[in-house]
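Read through the structure below, which is laid out as structure tokens, and then see the notes.
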Amino acid sequence: MCCFVYDYFLHRQIRLTIKDIRNHNRKMAETEMVIMVTGGSGLVGQAIKTVVEEEKHSNERWIFLSSKDADLKNTAETRAVFEKYKPTHVIHLAAMVGGLFRNLKYNCDFLRFNQLINDNVLESCKDFKVQKVVSCLSTCIFPDKTTYPIDETMIHNGPPHQSNFGYSYAKRMIDVMNQAYHQQYGCNFTSVIPTNVYGPHDNFSLEDGHVLPGLINKVYMAKKNGTPFTIWGTGKPLRQFIYSIDLAKLMIWALRDYNDISPIILSVDEADEVSIKEAAEMVIDAFEFKGEVVFDTSKSDGQFKKTASNAKLRKYLPDYKFTPIQQGIKETVNWFIENYESARK
Ligand code: NAP
Ligand code: GDP
């Protein structure tokens, strides 16, 4: 028995026997990538899921973990999940995550939990011979006193901002671990450094979440209840926001094509940095909110800015077009309204 397929390389029909097809399937199975995403239920994990479901690469099998699959603070549970799925590649997102106000309250937990998670995940990746790992740092872990724009070489140059030192030191150690695993064991572990991320599936909690989901939830409630919309702090600090779908595409690119142990910043251009006040105005526009707006300056401003350079990324992807922030905010607002009951808040 045989069948005919069109060979796009030779531009002609070719005849394949059952044996050819079996050999081909065996080769495909051998080269199948099993990509396990830790933290797959969160903001970034769900964006990666959205992107890969659109792409449908036949030789890639994606597994999206949540804390229900394994508490990655626990070594035995971590190893069990690696044993179960035997990933060839890992995108490591799982972490204790939060905005400025959660960090201010729980620096010790941020430090300990993230160190435990990172140690368990990277050691399992080494033991289970994972071919490549891409972990996630953040631009908020850079030294507080620094020159701008920040670049990838500056991570360890001085103490981080005191508001989130627990999270920052735990995240910085991922870069140290990547270098150490490479030097001693030849592991191909790297990391990316996103700026503030926002999008569908974010944590919209007022106390625990980041600024954009917090502002979205506040405007939603102000509009619904006819109450003022309160922005915390002065509104003057500056941030670069990246839409979760853009970050997802860039992280998938990094998994496939970024071949360096040292990290790479995944950020919009410096010109796209906005103040918190400007970001709040975009949320107001997206909701068409007409009520009163107040600033609660008794609340912390946190780090004034952490302007990051994406020059390294631009060397690889000079033409990558980021989603305009107004569009990303509008899509996130629509998602929040449509998923209000089930959204984290
Ligand atoms: P997120 O929405 O809060 O999601 C966190 C994910 O980690 C969830 O899937 C959560 O699982 C999982 N997780 C937390 N603790 C865990 C544990 N002990 N065991 C197993 N899984 C655990 O966070 P995100 O915004 O997507 O962040 C993803 C990565 O990007 C993190 O490494 C973060 O540091 C980094 N990052 C985020 C931002 C940002 O602005 N959001 C900026 C820069 C970098 P459950 O759903 O089951 O709780
Ligand atoms: P950061 O970027 O790591 O500092 O963390 P956030 O995403 O929490 O952003 C904090 C900045 O947004 C600070 O300048 C806050 O004063 C300001 N901000 C204004 N309103 C809010 C809010 O409702 N929630 C949060 N998390 N931050 C807010």
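Numbering of ligands and ligand atoms starts at 1, following listing order. Note that this is a predicted model, so its numbers are computed, not measured.
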To which protein heavy atom is atom 4 (O) of ligand 2 closest, and what is the distance rounded to 0.1 Å? Arg239 NH2, 2.9 Å

Flag for His156-Asp175: side-chain donor and acceptor within less than 3.5 Å: yes

Side chain to side chain donor-acceptor pair (under 3.5 Å), that's the test. Do Asn164 and Asn107 meet it? Break it down for me. CA-CA 6 Å; Asn164 65 352; Asn107 263 301; over 6 Å; no

Could you identify the single nearest non-hydrogen protein atom to atom 23 (O) of ligand 2 and state the distance to 0.1 Å? Lys218 NZ, 2.7 Å

Looking at atom 14 (O) of ligand 2, what's its closest protein heavy atom, distance included? Asp301 O, 2.7 Å

Quick look: Ser300 vs ligand 2, heavy-atom contacts under 4.0 Å, and the answer is backbone

When you measure from the side chain of Thr190 to the backbone N and O of Asp260, does any donor-acceptor pair fall under 3.5 Å? yes

Are any of the heavy atoms in Leu137 under 4.0 Å away from ligand 1? yes

Side chain, backbone, both or neither: the part of Thr195 lying under 4.0 Å from ligand 1 by heavy atom: backbone

For Tyr167, is the nearest heavy atom under 4.0 Å from an atom of ligand 1? yes

Return the option from Cys140, Ser67, Gly42, Gly199 holding the heavy atom at the smallest distance from atom 21 (N) of ligand 1. Ser67

Run the side chain to side chain donor-acceptor pair (under 3.5 Å) test on Thr323 and Asp246 for me, step by step, so that the C-alpha distance in whole Å, both residues' side-chain angles and the decisive distance to 0.1 Å come before the verdict. CA-CA 7 Å; Thr323 306; Asp246 291 332; 3.0 Å; yes

At the 4.0 Å heavy-atom cut-off, does Met96 count as touching ligand 1? no

Return the residue, atom name and 0.1 Å-rounded distance of the protein heavy atom closest to atom 25 (C) of ligand 2. Val211 CA, 3.6 Å

State if Asn114 counts as touching ligand 1 under the rule of any non-hydrogen atom under 4.0 Å. no

Carboxylate-amine/guanidinium contact Asp127 Arg79, below 4.0 Å: yes

Run the contact test for Gln46 against ligand 1 with a 4.0 Å cut-off on heavy atoms, strictly below, and give the result. no

Quick check on Asp71 - does any of its heavy atoms sit under 4.0 Å from an atom of ligand 1? yes

Closest protein heavy atom (residue, atom, distance) for atom 10 (C) of ligand 2: Leu100 CB, 3.9 Å

Contact partition for Asn196 relative to ligand 2, non-hydrogen atoms under 4.0 Å: side chain

Mark the output for Lys306 as yes if a heavy-atom distance to ligand 2 is under 4.0 Å, and as no if none is. yes

Kindly say whether Ala286 contributes a backbone atom to a donor-acceptor pair with the side chain of Lys330 at under 3.5 angstrom? yes

Please confirm whether the ring centroid of Tyr320 lies under 6.0 Å from the ring centroid of Phe322. yes

Cut-off 3.5 Å, side chains only: do Asn120 and Thr75 have a donor facing an acceptor? yes

Quick one: list whatever passes ring-ring contact (aromatic ring centres under 6.0 Å, His included) with Tyr340, sequence neighbours left out. Tyr220, Phe336

With no hydrogens and no angle check, do the side chains of Thr307 and Glu270 hold a donor and an acceptor under 3.5 Å apart? no

Applying a strict 4.0 Å limit to heavy atoms, is Lys171 in contact with ligand 1? yes

Atom 23 (O) of ligand 1: the protein heavy-atom neighbour that sits closest, reported with distance to 0.1 Å: Val97 CG2, 3.5 Å

What protein heavy atom sits nearest atom 19 (C) of ligand 2, and how far away is it? Trp232 O, 2.9 Å

Is it the case that ligand 2 has an N or O less than 3.5 angstrom from some N or O of Gln303? no

So, do Tyr316 and Trp253 have ring centers that fall under 6.0 Å from each other? yes

Proximity winner for atom 40 (O) of ligand 1, if only heavy atoms of Asp202, Val197, Leu72 are counted: Val197

Ligand 2-proximal atoms of Ile276, by part, heavy-atom distance under 4.0 Å: side chain

Which part of Ala70 is near ligand 1, with near meaning a heavy atom under 4.0 Å away: side chain, backbone, both or neither? backbone

Heavy atoms only: which of Cys136, Ala95, Ser244, Gly39 lies closest to atom 15 (N) of ligand 1? Ala95

Donor-acceptor pair between Gln327 and Glu331 side chains, under 3.5 angstrom: yes

If we count only N and O atoms by modelled type, under 3.5 Å, do the side chains of Ser67 and Asp71 hold a donor and an acceptor together? no

Ligand 2 contact by Lys299, heavy-atom criterion under 4.0 angstrom: no

Pair Glu123, Tyr181: side-chain N/O donor-acceptor within cut-off below 3.5 Å: yes

For atom 8 (C) of ligand 1, the option (of Ser138, Ser41, Ser205) bearing the nearest heavy atom: Ser41

